[in-house]
J.: 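Attaching a single structure in structure tokens format; questions to follow.
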Amino acid sequence: MTLAWRSDGTVDAPPLVLLNSIGTTTDMWAPLVATLGEQFHLIRIDHRGHGDSAPVAAAGRCSLDDLGADVIKTFDVLELDRAHVAGLSLGGMLGMWLAVHHPDRIGRLALLCTSAHLPAATWMDRAQAVRAGGMRTIADAVVARWVTAELAGRDPELMAGLRDMVAGIDPASYAQCCEAIDSMDLRPDLGRIAAPTLVLAGAQDPAISIDHAHVIADGVADARLQVLDPAAHLATVEQPGPIATALREHFRGGATLAAGYATRRAVLGDEHVDRTIASTTRLTEPFQEFLTRYAWGDIWSRAELSRRERSIATLASLVALGAEHELAMHVRAARRNGLTEDDIVEVLMHIALYAGLPRANRAIAIARDIFDG
């Protein structure tokens with residue numbers, strides 16, 4: 001079935017799909033939307049019978065394969081060929097399923113407060129309870145595990161809102177999700193996940209303990225584990241700031257046209273960028289957008305190196321490649337990034353040892369023309 005979805009953030013930015021916990025709607029991500037939306041196109045998807053997604057027929061069981069197929073169908077409807085994915089609890093289980101069964105559709109993966117295997121009879125008991133008595137029969141018990149006692153005590157309005165969220169879920173659909181979790185075992189497949197993976201766990205999560213996060217982090221190659229403290233199960237409502245920071249870093253936020261143009265103007269100057277924009281044609285526009293988004297919005301915008309250091313590396317690369325058509329532009333950029341004329345000459349002299357005297361000699365001549373101009 002096709003699921004309901006909400007779009008937020010910067011539409012021309014890299015897509016980031018957010019998958020909910022069982023018993024929640026897309027509102028569980030609301031505390032992160034403003035921050036993540038600055039650098040990503042956010043697509044929040046409701047599970048079947050959750051939020052705005054259509055409920056299922058009362059009879060019948062489903063597996064994680066069925067819920068995963070729902071998400072892929074929604075990807076297809078959105079014409080979403082590939083996206084980053086972050087999922088919490090059931091959403092994280094589906095994120096792992098997607099990375100295993102549709103690796104070509106997944107960029108990077110973030111798994112929050114989730115598990116690869118939850119062997120507990122309570123899932124079938126919970127499914128039976130909601131089918132018999134509706135969602136109100138479990139709302140209090142479920143929500144009590146979502147946040148720490150400290151947060152629950154100081155924010156009764158939040159707790160009431162969370163209970164209402166649970167109560168609004170379709171019982172039959174919720175029961176199917178419970179049955180899918182009960183029959184799930186992704187542990188044998190963790191080694192098949194190739195997507196760069198971040199695992200986030202709540203230090204006080206009574207629903208899925210940190211041990212489950214360790215199993216995932218140990219099973220997925222090069223996965224990184226981060227513990228949120230304090231945080232229970234629905235960590236997005238308790239630690240939205242640290243989670244947004246972690247996700248922005250993991251998903252390499254910044255690769256947007258807006259960020260790219262800001263950095264490009266800061267490094268190359270308004271006059272150069274305006275001249276480039278004015279000369280852009282229908283044929284060259286896709287390349288200019290690609291260059292601006294990824295060269296300037298991503299690599300040049302990363303904080304790991306200063307712009308001064310990036311200018312030194314760029315000058316070295318251009319001289320070694322003999323890319324004279326780019327060199328003059330980056331000599332000017334180097335001065336804007338804090339290198340003096342003496343610094344630039346020293347860099348070019350050093351490059352001469354490794355790229356050869358003729359190329360360095362030509363580079364110094366180009367630099368001298370810039371300095372004299």
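We count residues from 1, following the sequence as given.
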J.: Can you give me the closest heavy-atom contact between His330 and Leu318, atom names plus distance?
T.: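 Residues His330 and Leu318, closest heavy atoms: CD2-CD1, 3.6 Å.
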J.: Between CG of Asp70 and NE2 of His47, what distance do you get to the nearest 0.5 Å?
T.: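 So the gap between those two atoms works out to 10.0 Å.
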J.: Taking Arg108 for its side chain and His84 for its backbone only, find out whether a donor-acceptor pair lies under 3.5 Å.
T.: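 No, the answer is negative, given that no donor and acceptor are paired below the 3.5 Å cut-off.
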J.: Can you see whether Ser89 engages His233 through a side-chain donor-acceptor pair at a distance of less than 3.5 angstrom?
T.: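 Present: a donor and an acceptor within the cut-off.
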J.: Please give me the minimum heavy-atom distance between Leu228 and Ala235, naming the atom from each residue.
T.: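 Looking at all heavy atoms of both residues, the closest pair is CD1-CB, 3.9 Å.
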J.: Do any N or O atoms from the side chain of Arg105 and from the backbone of Asp81 form a donor-acceptor pair under 3.5 angstrom?
T.: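 Yes; at least one donor-acceptor contact below 3.5 Å.
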J.: Between Leu98 and Leu19, which heavy-atom pair has the shortest distance, and what is it?
T.: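 Minimum heavy-atom separation between Leu98 and Leu19: CD1-CD1, 4.1 Å.
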J.: Verify the neighbour count for atom CD of Glu341: are there more than 12 heavy atoms of other residues, nucleotides or ligands below 6.0 Å?
T.: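 Count over threshold, so yes.
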J.: Using side-chain heavy atoms (C-beta onward) and a distance below 4.5 Å, is Arg310 in contact with Ile299?
T.: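 Touching, per the 4.5 Å side-chain cut-off.
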J.: Can you tell me if Asp205 uses its side chain to pair, donor with acceptor, with the backbone of Ile210 under 3.5 Å?
T.: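 No; judged by distance alone, with no hydrogens or angles, the pair does not exist.
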J.: Is the shortest distance from a Lys or Arg side-chain nitrogen in Glu179 or Arg131 to a carboxylate oxygen in the other one below 4.0 Å?
T.: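 Arg131 and Glu179: salt-bridged.
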J.: Does either side chain, that of His41 or that of Ser7, offer a donor lying less than 3.5 Å from an acceptor on the other one?
T.: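 On atom types as modelled, these side chains qualify, holding a pair under 3.5 Å.
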J.: Identify whether the distance between the nearest side-chain nitrogen and carboxylate oxygen of Asp274 and Arg265 falls below 4.0 Å.
T.: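 Salt bridge: yes.
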J.: Donor-acceptor check, side chain of His117 to backbone of Met184, threshold 3.5 angstrom: yes or no?
T.: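 Judged by distance alone, yes, a pair lies under 3.5 Å.
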J.: With a sphere of 6.0 Å drawn around CE of Met1, does it hold more than 12 non-hydrogen atoms of other residues, nucleotides or ligands?
T.: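 Yes, the 6.0 Å shell around CE holds more than 12 heavy atoms from other groups.
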J.: Near Glu346 CD, under 6.0 Å, is it more than 12 heavy atoms from other residues, nucleotides or ligands?
T.: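 No, CD of Glu346 has 12 or fewer neighbouring heavy atoms, counting only those of other groups under 6.0 Å.
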J.: Between Thr292 (side chain only) and Gly260 (backbone N and O only), is there a donor and an acceptor less than 3.5 Å apart?
T.: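 Pair absent, no side-chain N/O of Thr292 close to backbone of Gly260.
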J.: With the threshold set at 4.0 Å, does a side-chain nitrogen-carboxylate oxygen contact exist between Arg136 and Asp164?
T.: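 Yes, Arg136 and Asp164 are salt-bridged.
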J.: Could you grab the distance from atom CD of Glu289 to atom OG1 of Thr284, nearest 0.5 Å is fine?
T.: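 Separation between the atoms: 10.0 Å.
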J.: Does the side chain of Thr340 pick up a donor-acceptor pair with the side chain of Asp343 at under 3.5 Å?
T.: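 A donor-acceptor contact under 3.5 Å links the two side chains.
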J.: Counting only heavy atoms not in Asp369, do more than 12 fall under 6.0 Å of its CG?
T.: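 More than 12 within 6.0 Å, yes.
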J.: Just by modelled atom types, is the Ala363 backbone N or O under 3.5 Å from a matching donor or acceptor in the Glu324 side chain?
T.: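 Not confirmed, Glu324 side chain does not pair with Ala363 backbone.
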J.: Surrounding CG of Asp222 (heavy atoms of other residues, nucleotides or ligands, distance under 6.0 Å), is the total greater than 12?
T.: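 No, CG of Asp222 has 12 or fewer neighbouring heavy atoms, counting only those of other groups under 6.0 Å.
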J.: Looking at NE2 of His102 and CD1 of Ile72, how far apart are the two atoms once the value is rounded to the nearest 0.5 Å?
T.: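 Going from the NE2 atom of His102 to the CD1 atom of Ile72 covers 4.0 Å.
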J.: Can you tell me how far apart CZ (Arg163) and CD1 (Ile138) are? Round to the nearest 0.5 Å.
T.: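 It is 13.5 Å, given to the nearest 0.5 Å.
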J.: Taking all atoms of both residues into account, what is the closest heavy-atom pair of Ala175 and Val130, and its distance?
T.: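 Of all heavy-atom pairs spanning Ala175 and Val130, the closest is CB-CG2, 4.0 Å.
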J.: Could you tell me the separation between the CG atom of Leu348 and the CZ atom of Arg359, rounded to the nearest 0.5 Å?
T.: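 Between Leu348 CG and Arg359 CZ, I get 14.0 Å after rounding to 0.5 Å.
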J.: Considering only heavy atoms from C-beta outward, does the side chain of Asp46 approach that of Arg6 to under 4.5 Å?
T.: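 No, every pair of side-chain atoms sits at 4.5 Å or beyond.
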J.: Are the side chain of His212 and the backbone of Cys113 linked by a donor-acceptor contact shorter than 3.5 Å?
T.: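 Checking the backbone N and O of Cys113 against the side chain of His212, no donor-acceptor pair under 3.5 Å is found.
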J.: Taking all atoms of both residues into account, what is the closest heavy-atom pair of Arg187 and Val215, and its distance?
T.: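 Here Arg187 and Val215 meet closest at CG-CG1, 4.4 Å.
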J.: Indicate yes or no: at least one non-hydrogen side-chain atom of Asn20 is less than 4.5 angstrom from one of Ile45.
T.: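 Asn20 does not reach Ile45 side chain to side chain.
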J.: May I ask you to decide if the ring planes of Phe251 and Phe40 are parallel, tilted or perpendicular, using 30° and 60° as cut-offs?
T.: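 It falls in the perpendicular class, over 60°.
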J.: Looking at Tyr354, I want to see if its OH is surrounded by more than 12 non-hydrogen atoms of other residues, nucleotides or ligands under 6.0 Å.
T.: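 Open: at most 12 neighbouring heavy atoms sit under 6.0 Å from OH of Tyr354.
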J.: Any idea how Phe290 and Tyr294 line up, ring-wise: parallel (<30°), tilted (30 to 60°), or perpendicular (>60°)?
T.: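 Taking Tyr294 first and then Phe290, their aromatic rings sit tilted (interplane angle of 30° to 60°).
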J.: Using every non-hydrogen atom in the two residues, find where Leu268 and Met329 come nearest and quote the distance to one decimal.
T.: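 Looking at all heavy atoms of both residues, the closest pair is CD2-CG, 3.8 Å.
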J.: Within the side chain of Thr137, is there an N or O that forms a donor-acceptor pair under 3.5 Å with the backbone of Gly134?
T.: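 The answer is yes, because a donor-acceptor pair under 3.5 Å joins these two groups.
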J.: Can any side-chain N or O of Thr114 pair as donor or acceptor with the backbone N or O of Leu111 at less than 3.5 Å?
T.: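 Looks like no, no N/O pair under 3.5 Å.
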J.: Please confirm whether the backbone N or O of Asp104 pairs with a side-chain atom of Arg82, one donor and one acceptor, at under 3.5 Å?
T.: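 A pair under 3.5 Å: yes.
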J.: Does a side-chain N-to-carboxylate-O contact under 4.0 Å join Arg154 and Glu150?
T.: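 Not counted as a salt bridge, because no side-chain N and carboxylate O are separated by less than 4.0 Å.
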